[in-house]
Participant: 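This structure is in structure tokens; I'll ask about it shortly.
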Amino acid sequence: MSTENPVWALISTFGLMSLFAVGGAAAAVPEMHRIAVDVHHWMTDKQFADAYAIAQLSPGPNVLIVTLIGYAVAGIPGALAATLAMCLPTALVAYYVSHLLNRPSQSRWPALIQTALVPLSIGLMAASALILAEATDRTIAALLLTAVVAVSASVSRINPLWLLLAGGLLGFAGIV
């Protein structure tokens with residue numbers, strides 16, 4: 001880790017990332033992983049995957065992963081700094097853009113931009129899933145479990161919490 005103040009490192013990292021996180025914090029997971037694990041070495045692959053799992057199981061927004069990374073780096077001040085840095089710039093931009101888009105206009109640009117962002121967001125979420133699978137699927141059983149859960153979640157109406165619970169029990173039992 002560098003000699004830079006960890007709280008300022010979190011603020012600069014997540015403040016900038018927030019402006020490029022099209023689709024929300026969940027879409028920025030690959031970049032969060034790269035920065036937290038590969039660049040700054042704030043966490044290991046396993047710690048990141050565990051933090052992501054906790055963030056997904058907890059009620060509330062997906063941005064909780066940022067809070068957990070901040071907490072791992074600098075405790076409560078780090079959690080607060082990372083969360084505010086990830087949320088505040090984007091909230092301000094969204095506030096001003098919403099005012100521009102809600103003005104009466106005959107322009108087709110707002111609809112075109114919103115339509116273009118859908119596949120971009122889906123691609124970023126798929127990249128997030130791939131990064132997490134690479135970080136956690138170290139055995140054939142884990143890889144198969146990931147594939148079965150992904151297919152089950154996409155073709156059925158099973159609540160994802162049941163799938164997470166099943167995966168957790170298989171991990172606790174030592175199967176994956």
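Small disclaimer: the values here were computed from a predicted structure and weren't measured.
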Participant: Output every pair passing ring pair (Phe, Tyr, Trp, His ring centres under 6.0 Å) with a member in residues 47-88, not counting sequence neighbours, ordered by first then second residue.
Facilitator: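 Passing the test, one end in residues 47-88: His33-Phe48.
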Participant: May I ask whether Ile131 and Val66 are part of the same hydrophobic cluster, defined by side-chain heavy atoms of I, L, V, M, F, W, Y residues being less than 4.5 angstrom apart, directly or through others?
Facilitator: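 No, no single cluster joins them.
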Participant: Which value, rounded to the nearest 0.5 Å, describes the distance between Leu57 atom CG and Leu164 atom CG?
Facilitator: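 Answer for the CG-CG pair, Leu57 versus Leu164, is 5.0 Å.
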Participant: Can you sort out the partners of Ala49 under side-chain contact (heavy atoms from CB on, under 4.5 Å), two or more places apart, ordered by chain and number?
Facilitator: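 Ala49 satisfies side-chain contact (heavy atoms from CB on, under 4.5 Å) with Thr136 only.
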Participant: To the nearest 0.5 Å, what is the distance between CE on Met32 and OG1 on Thr13?
Facilitator: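 The distance works out to 11.0 Å.
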Participant: List, by chain and number, the other hydrophobic cluster members for Leu84, where Ile, Leu, Val, Met, Phe, Trp and Tyr join if side-chain heavy atoms come within less than 4.5 Å, directly or indirectly.
Facilitator: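 Noted: Leu84 shares its cluster with no other residue.
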Participant: Name all pairs fulfilling the salt bridge (Lys or Arg N to Asp or Glu O under 4.0 Å) condition that reach into residues 50-77, sequence neighbours left out, sorted by first residue then second.
Facilitator: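 Found Lys46-Asp50.
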Participant: Can you tell me how far apart CD1 (Ile65) and CD1 (Ile69) are? Round to the nearest 0.5 Å.
Facilitator: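 Rounded to the nearest 0.5 Å, the CD1-CD1 separation comes to 4.5 Å.
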Participant: Within this structure, what is the OG-CE distance for the pair Ser12 and Met17, rounded to the nearest 0.5 Å?
Facilitator: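 These two atoms lie 10.0 Å from each other.
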Participant: Residues sharing Val7's hydrophobic cluster, by side-chain heavy-atom contacts under 4.5 Å among ILVMFWY, directly or via others?
Facilitator: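 Members besides Val7, by chain and number: Trp8, Ile11.
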Participant: Donor-acceptor pairs under 3.5 Å, side chain of residues 165-176 to any protein atom, not counting sequence neighbours: which ones?
Facilitator:
none

Participant: Is it the case that one hydrophobic cluster holds both Val63 and Trp42, taking links as side-chain heavy atoms less than 4.5 Å apart, direct or via other members?
Facilitator: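 Looking at the clustering, Trp42 is in the same group as Val63.
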Participant: Taking all non-hydrogen atoms of both residues into account, name the closest pair between Gly15 and Pro89 and its distance.
Facilitator: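 Gly15 and Pro89 have their closest heavy atoms at O-CG, 4.0 Å.
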Participant: Val93 and Leu88: same hydrophobic cluster, using ILVMFWY side-chain contacts below 4.5 Å?
Facilitator: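 Looking at the clustering, Leu88 is in a separate group from Val93.
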Participant: I'd like to check the side-chain contact (heavy atoms from CB on, under 4.5 Å) partners of Ile54; sequence neighbours left out, ordered by chain and number.
Facilitator: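 Applying side-chain contact (heavy atoms from CB on, under 4.5 Å) to Ile54 gives Ser58, Leu68.
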Participant: If every non-hydrogen atom of Thr146 is compared with every non-hydrogen atom of Ala133, which pair is closest and at what distance?
Facilitator: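 Closest heavy-atom pair between Thr146 and Ala133: CG2-CB, 4.3 Å.
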Participant: Taking atom CG as the centre, does Leu161 end up with more than 12 heavy-atom neighbours from other residues, nucleotides or ligands that are less than 6.0 angstrom away?
Facilitator: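 Counting neighbours around CG of Leu161, more than 12 heavy atoms of other residues, nucleotides or ligands fall under 6.0 Å, so yes.
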Participant: Could you work out, with side-chain hydrogen bond (donor to acceptor under 3.5 Å, both in side chains) as the rule, every residue matching Gln56, not counting sequence neighbours?
Facilitator: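 Asn62.
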Participant: Evaluate whether atom CD1 of Ile140 has more than 12 neighbouring non-hydrogen atoms of other residues, nucleotides or ligands under 6.0 angstrom away.
Facilitator: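 No.
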Participant: Count I, L, V, M, F, W, Y as connected when their side-chain heavy atoms are under 4.5 Å apart, and connections chain through other members. Are Leu64 and Val73 then in the same cluster?
Facilitator: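 Leu64 and Val73: separate clusters.
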Participant: Measuring from Met43:CE to Ile35:CD1, what's the distance to the nearest 0.5 Å?
Facilitator: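 The distance works out to 13.5 Å.
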Participant: Can you tell me how far the OG atom of Ser156 sits from the CG atom of Leu163, to the nearest 0.5 Å?
Facilitator: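 Here the interatomic distance stands at 6.5 Å.
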Participant: When Ile, Leu, Val, Met, Phe, Trp and Tyr are grouped by side-chain heavy atoms lying under 4.5 Å apart, directly or through other members, which residues fall in the same group as Val155?
Facilitator: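 So far as hydrophobic clustering goes, Val155 is joined with Val151.
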Participant: I'd like to check the side-chain contact (heavy atoms from CB on, under 4.5 Å) partners of Val39; sequence neighbours left out, ordered by chain and number.
Facilitator: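 Listed in chain order: Arg34.
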Participant: Closer than 3.5 angstrom, by distance alone: can the side chain of Arg157 be matched with the main-chain N or O of Ala153 as a donor-acceptor pair?
Facilitator: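 Not a single qualifying donor-acceptor pair exists.
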Participant: Taking all heavy atoms of Ala116 and all of Pro119, pick out the closest pair and write down the distance.
Facilitator: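 Heavy-atom minimum between the residues: O-CD, 3.3 Å.
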Participant: Restricting to side-chain hydrogen bond (donor to acceptor under 3.5 Å, both in side chains), what partner residues turn up for Thr67, sequence neighbours left out?
Facilitator: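 With sequence neighbours excluded, Thr67 shows a side-chain hydrogen bond (donor to acceptor under 3.5 Å, both in side chains) to Thr83, given in chain and number order.
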Participant: Looking only at heavy atoms, which two atoms of Ala85 and Ser18 are closest? And how far apart?
Facilitator: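 Shortest heavy-atom contact: O-OG, 3.6 Å.
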Participant: Donor-acceptor check, side chain of His40 to backbone of Val37, threshold 3.5 angstrom: yes or no?
Facilitator: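 Looks like no, no N/O pair under 3.5 Å.
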Participant: Decide yes or no for Thr90 and Met86: does some side-chain heavy atom of the first lie under 4.5 Å from some side-chain heavy atom of the second?
Facilitator: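 No, every pair of side-chain atoms sits at 4.5 Å or beyond.
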Participant: Tyr95: which residues meet the side-chain hydrogen bond (donor to acceptor under 3.5 Å, both in side chains) condition with it, sequence neighbours left out?
Facilitator: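 Tyr95 satisfies side-chain hydrogen bond (donor to acceptor under 3.5 Å, both in side chains) with His99 only.
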